[in-house]
Every structure is written in structure tokens, then in C-alpha cells.
Amino acid sequence: MLPLSLLKTAQSHPMLVELKNGETYNGHLVSCDNFMNINLREVICTSKDGDRFWKMPECYLRGNMIKYLRIPDEVIDMVKEEVMNKNRGRGGGFSGRGRGGRGRGQFNRGGYGRGRGGGR
């Protein structure tokens with residue numbers, strides 16, 4: 001499971017984001033990009049020491065400042081199901097990576113591998 005696919009699935013779900021400076025942000029994920037920059041709405045920000053709180057309608061968090069994300073288990077289950085369904089749709093028995101399998105293209109030399117000599 002890739003982090004960005006997890007974030008894409010988590011859109012409109014609640015999440016907690018802790019920054020490297022210790023502040024935490026609780027809100028609903030609106031969007032994210034490939035740099036893991038995040039937009040949240042209905043946000044409650046908590047200070048590092050936990051004694052101050054701010055309520056904001058929305059906020060933008062830069063991806064390189066994020067320490068960790070806490071996402072509901074239901075979102076993680078949804079991503080696992082998507083991965084399983086995607087893998088089920090593939091067919092043919094080949095892995096889809098590398099030169100794979102026998103009988104494919106110019107590299108098939110009778111099935112004896114890529115060694116230097118005879119073998120026959």
C-alpha cells in the first residue's frame with residue numbers, strides 16, 4: 001500500500017496530523033498532492049505542550065513538516081480492498097515486471113537462461 005494512495009482514499013475522512021514541531025491538527029482531509037502537502041477543513045490545532053487550542057475553518061500543511069498521520073482504520077481497510085480488487089483483475093499468470101515468463105520476444109533462447117555457453 002502506497003502512502004499517496006492511502007491519502008487519496010482518505011479524502012473527506014477525519015485525520016490527525018502531527019508536525020515536526022509538535023503541533024497537532026485534527027480535521028477532515030480535503031486534498032493532498034504528490035509532495036504530501038495537505039489541506040484540512042474544520043480543524044482543531046493543539047499546541048506542542050497541549051494547553052492551547054485553536055479552531056480554524058481550514059488550513060494548509062506542508063508535506064515536509066509532517067511527522068506522522070493518524071488515519072481511521074476504515075480507510076486502511078478500504079485501501080486494502082482496492083488493492084485486492086486490482087490484483088484480482090490481472091490475468092495471464094505473468095507478474096508484469098521484467099522480461100518475465102517463457103516464450104516472450106527475442107530473449108527466449110529455448111529456456112536455458114542467459115548464460116554464456118552451450119548448455120545443450
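Side-chain atoms are counted along with the backbone in the values below, which use heavy atoms only and exclude waters and symmetry mates.
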Report the C-alpha separation of L40 and M15 in whole Å, then their side-chain angles, then the decisive distance to 0.1 Å, and conclude whether the side-chain contact (heavy atoms from CB on, under 4.5 Å) test is met.
CA-CA 9 Å; L40 296 174; M15 65 176 358; 3.9 Å; yes
Chi angles and distances behind the side-chain contact (heavy atoms from CB on, under 4.5 Å) call for T24, V17:
CA-CA 6 Å; T24 60; V17 180; over 6 Å; no
For side-chain contact (heavy atoms from CB on, under 4.5 Å), just list the numbers for L7 and S5, CA-CA rounded to whole Å, side-chain angles, deciding distance to a tenth of an Å, and then say yes or no.
CA-CA 5 Å; L7 282 176; S5 65; over 6 Å; no
I'd like to know whether I38 forms a side-chain contact (heavy atoms from CB on, under 4.5 Å) with L29, so could you lay out the CA-CA distance, the side-chain angles of the two residues, the decisive distance to 0.1 Å, and finally the verdict.
CA-CA 7 Å; I38 291 177; L29 180 64; 3.4 Å; yes
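Under the side chain to side chain contact (heavy atoms under 4.5 Å, CB included) criterion, T9 pairs with V75, M78, V79, E82, not counting sequence neighbours. Applying the side chain to side chain contact (heavy atoms under 4.5 Å, CB included) criterion to L16, with sequence neighbours excluded, gives N26, Y68, R70. Residues passing the side chain to side chain contact (heavy atoms under 4.5 Å, CB included) test with S47, sequence neighbours excluded: D49, D51, R52, W54. K8 pairs by the side chain to side chain contact (heavy atoms under 4.5 Å, CB included) definition with Q11, C32, not counting sequence neighbours.
Residues P72 and P14 approach most closely at CD-O, 3.1 Å, considering heavy atoms. In terms of heavy atoms, N37 sits closest to G63 at OD1-N, 2.7 Å.
Applying the salt bridge (charged side-chain N to carboxylate O under 4.0 Å, His left out) test to pairs two or more places apart or on separate chains, none has a residue in residues 19-42.
In the hydrophobic clustering (ILVMFWY side chains linked at under 4.5 Å, chained through shared members), V30 stands by itself.
One hydrophobic cluster, built from ILVMFWY side chains closer than 4.5 Å, cannot hold both I44 and L69; they sit in different ones. Under the 4.5 Å side-chain heavy-atom criterion for Ile, Leu, Val, Met, Phe, Trp and Tyr, F53 and M56 are members of distinct hydrophobic clusters.
Here M36 contributes atom CE and I66 contributes atom CD1; the two are 6.5 Å apart, rounded to the nearest 0.5 Å. In this structure, CD in E18 is found 10.0 Å from OG1 in T46, a value given to the nearest 0.5 Å.
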